[in-house]
Protein chains: 2
Amino acid sequence: MTVTLADVAARARVSPATVSRVLNGNYPVAESTRERVLRAVADLDYVLNGPASSLAAATSDLVGVLVNDIADPFFGIMASAAQTAIGAGASGRGGGEKLAVVCNTGGSPERELTYLTLLQRQRAAAVILMGGSLEAPERLAATAAKLSRLADAGTRVVLCGRPPVEGDAHAAALVFDHRTGARRLTEHLLGLGHRRIGYVAGPADRTTTRHRLEGHREALAAAGVPEGPTVHGPYERASGHAATAELLARDPDLTAIVASNDTVALGVCAALRERGLDVPGDVSVAGFDDLPCALDAVPPLTTVHLPLHEAGTRAGHLAADAAEPAPDGHETIPAELVVRGSTGAVRG
Amino acid sequence: MTVTLADVAARARVSPATVSRVLNGNYPVAESTRERVLRAVADLDYVLNGPASSLAAATSDLVGVLVNDIADPFFGIMASAAQTAIGAGASGRGGGEKLAVVCNTGGSPERELTYLTLLQRQRAAAVILMGGSLEAPERLAATAAKLSRLADAGTRVVLCGRPPVEGDAHAAALVFDHRTGARRLTEHLLGLGHRRIGYVAGPADRTTTRHRLEGHREALAAAGVPEGPTVHGPYERASGHAATAELLARDPDLTAIVASNDTVALGVCAALRERGLDVPGDVSVAGFDDLPCALDAVPPLTTVHLPLHEAGTRAGHLAADAAEPAPDGHETIPAELVVRGSTGAVRG
DNA sequence: TTGAAAGCGTTACCAG
DNA sequence: CTGGTAACGCTTTCAA
């Protein structure tokens, strides 16, 4: 029923081996033969059988990109950049590009492991893990074990926005400097005169949550300012909205709120507006991630800019083997303060 | 080096066939044998070889989800829902779930075709095409041809948010009622007294752009109100921002602006604020898509709600064969007007 | 530069 | 309920 390589070979009057060589383009073939084969391919509308090809070659063109939340532009931007970088990379087997596919783990370690197994089944060429991870020890161990098994099987592993696995040299790691970014952000607010600062943290037990919170606390400690109320919640609008009520209940005199994430910051803004509070007149709001899709329609916010596009591109190149990893496997990606407007100073 | 099914069979003292049956769980096996096999699998840390499995079975567990822009939550939300629905569907071959992977076409028909070919290579179990498409005839024909070839090869094809292909009964189509939604939106503005309404349309030649614009014009025509200025641009913030300047230049007395998309609407709001115009006091802004991540931090907007999550879920079920398609293959998904606040009336 | 043939690891059919 | 064994379609030495 379906056209096979042998059919193409017959029509082109060559051996299957020759067709394979033409298709993979990694072997010298006479130009005339080559043309004859390509014409036969076109005539027969032949499509290579991926599974057969992968089986025989013991590798595939699949590159898995695991993200915590595909509905969050934070991941969308990185994934998009990675996918472009991968597709544009060196042409792989099967006469073409690599197939970069995005897998949505929803932040669940179980689903993450499931996807990794699935990709391992497929003999994926590479795997990119994007975003922070849960910090539960057994989970980390399970993931680390799976990753090193993947690496052993020849799958390239790239960590993007996630701390390197302890004692695992297999994976290239691109690490955002959340801590410094968060510290700068809080330093900025302190510089504007704020002394009562609330903090909406991300989900507990996540690396990003911890690192950002640590930076925040560093800044407070250095300035000798006591820590204000802190509330944890998922990286979602609703979370910022609910947290705001909680923070104001705990300290009605807050003059600033730091959100662990832009999406959360938007929720904070909405909640403040509902209460008749002016942003940033009454309460200053600061965010993190600098998502282009979220920010300039709301009052001027100060945020920390993470170069998502660049990070994703770099991850893609590493995954596609189109770039050399750093000697020690780690690369730190700077987080840069972006101040929008200048009305965030404390009144009086 | 790598553990194969035969190794497992040897250790469990059964035949390879039996191991396969245990793993696929679609054949009766004695409980004791079954346990022995599973223990051997665990002991050896065996992972099924996907390509070999797909080759022998002539199908795979891969489901491709093609989206126009993975960085846009519009697609992220639908893709996420679809992925969940697919994973939760009937357990397929290989002892588990289907692998739903999202592919970012960037709205380019070439990349779309490339991905479809790649998925065809992989003998994908299903393909979901999300979002509107370009209307260039040759492109439509090329895509249609590819899709029917996929369908012939046993791949289920689902269209989600894209009009059905002419004369192609292979694909199940979930169609958003953009036209009615857009009509209602403009009717609402007209009801508030607006008579000079600008329109920021999506990219030219896209089905969504055309349908939304048609609905807008229907409402104007029915009310005998002349069409205001219209500007085309991509579905991005920057586009709304730039378009606003253009619209106001063409008609400084606009009292309302309809954006073809929420992301664009945010850009419009930002541009208006920069000009010192109050939203919706001076100019009323209306959006489309009702993205939860975009809307309630800005002034009350009126939008059209598209049930993205529901649509994505439905698409996933259809792709996973966990639901029956409608008899004629089409399903229309309603677009519902959402009015936020009530201050959008024309002044005086 | 090309051809022949030996696998690659599973599945599924046919016996038992 | 279990075992034996042809496919499945391609890649890749090894020769020519």
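The sequence lines fix the lettering, A, B, ..., with proteins before strands; numbering per chain opens at 1.
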For residues 123-134 of chain A, which residue pairs qualify under side chain to side chain donor-acceptor pair (under 3.5 Å), counting only residues two or more places apart or in two chains?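 Not a single pair qualifies under side chain to side chain donor-acceptor pair (under 3.5 Å).
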N/O donor to acceptor pairs below 3.5 angstrom from side-chain atoms of residues 319-331 of chain B, sequence neighbours left out:
residue  : atom : partner  : partner atom : Å
B:Asp328 : OD1  : B:His330 : N            : 3.2
B:Glu331 : OE1  : B:Arg314 : NE           : 2.9
B:Glu331 : OE2  : B:Arg314 : NE           : 3.2
B:Glu331 : OE2  : B:Arg314 : NH2          : 2.7

Would you kindly give the [atom1]-to-[atom2] distance between [X] and [N], to the nearest whole Å?
{"X": "B:Leu48", "N": "C:dC8", "atom1": "CG", "atom2": "P", "answer": "17 Å"}
{"X": "B:Asn24", "N": "C:dA12", "atom1": "CG", "atom2": "C1'", "answer": "10 Å"}
{"X": "A:Arg13", "N": "C:dA4", "atom1": "CZ", "atom2": "P", "answer": "14 Å"}
{"X": "B:Asn49", "N": "D:dG9", "atom1": "CG", "atom2": "P", "answer": "16 Å"}
{"X": "A:Leu5", "N": "C:dG3", "atom1": "CG", "atom2": "P", "answer": "12 Å"}
{"X": "A:Asp7", "N": "D:dC10", "atom1": "CG", "atom2": "P", "answer": "9 Å"}
{"X": "B:Arg123", "N": "C:dT11", "atom1": "CZ", "atom2": "P", "answer": "17 Å"}
{"X": "A:Leu55", "N": "C:dG7", "atom1": "CG", "atom2": "C1'", "answer": "9 Å"}

Side-chain heavy atoms of [X] within contact of [Y], under 4.5 Å:
{"X": "B:Leu5", "Y": "B:Ser20", "result": "yes"}
{"X": "A:Thr84", "Y": "A:Thr313", "result": "no"}
{"X": "A:Glu135", "Y": "A:Thr207", "result": "yes"}
{"X": "B:Leu150", "Y": "B:Leu116", "result": "yes"}

Selection from [options] that lies nearest to any side-chain heavy atom of [X]:
{"X": "A:Ala56", "options": "C:dA12, D:dG3, D:dC10", "answer": "D:dC10"}
{"X": "A:Thr2", "options": "D:dG9, C:dT10, D:dT11", "answer": "D:dG9"}
{"X": "A:Ala57", "options": "D:dT2, D:dT11, C:dT11", "answer": "D:dT11"}
{"X": "A:Ala52", "options": "D:dG9, C:dT10, D:dT11", "answer": "D:dG9"}
{"X": "A:Ala17", "options": "D:dC10, D:dT12, C:dG9", "answer": "D:dT12"}

NZ/NE/NH1/NH2 to OD/OE distance under 4.0 Å, A:Asp45 and B:Arg149: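 Answer for the salt bridge query: yes.
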Do the charged groups of A:Arg139 and A:Glu110 touch, with an N to O distance under 4.0 Å?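 So A:Arg139 pairs with A:Glu110 through a salt bridge.
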For D:dG4 and B:Ser15 - does any side-chain N or O of the residue sit under 4.0 Å from the phosphate oxygens OP1/OP2?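 Answer is no, no contact under 4.0 Å.
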Quick one: is A:Thr4 getting a side-chain N or O under 4.0 Å of the D:dG9 phosphate, OP1 or OP2?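 False: A:Thr4 side-chain N/O out of range (4.0 Å or more) of D:dG9 OP1/OP2.
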Identify whether any heavy atom of A:Val14 sits under 4.0 Å from a base atom; if not, whether one sits that close to sugar-phosphate; answer base, sugar-phosphate or nothing.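 Sugar-phosphate contact only - A:Val14 comes under 4.0 Å of backbone atoms but never of a base.
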Identify the two heavy atoms, one from [X] and one from [Y], that lie closest to each other, and give their separation to 0.1 Å.
{"X": "B:Leu113", "Y": "B:Thr143", "value": "CD1-CA, 4.0 Å"}
{"X": "A:Phe75", "Y": "A:Met130", "value": "CE2-O, 3.6 Å"}
{"X": "A:Ala124", "Y": "A:Thr155", "value": "O-OG1, 2.7 Å"}

If the helix axis at each end comes from five base pairs, how far does the helix from C:dT1-D:dA16 to C:dG16-D:dC1 deviate from straight, to 10°?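 It comes to 20° between the two terminal axes.
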Find every protein N or O atom lying less than 3.5 Å from an N or O atom of nucleotides 14-16 of chain D, and list the pairs.
none

Donor-acceptor list for residues 28-42 of chain A side chains, cut-off 3.5 Å, not counting sequence neighbours:
residue : atom : partner : partner atom : Å
A:Arg36 : NH1  : A:Ala12 : O            : 2.5

Any residue in residues 29-42 of chain B with a heavy atom nearer than 4.0 angstrom to DNA chain D? Just list them by number, or reply none.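 Within residues 29-42 of chain B, the residues near DNA chain D are B:Val29, B:Ala30, B:Thr33.
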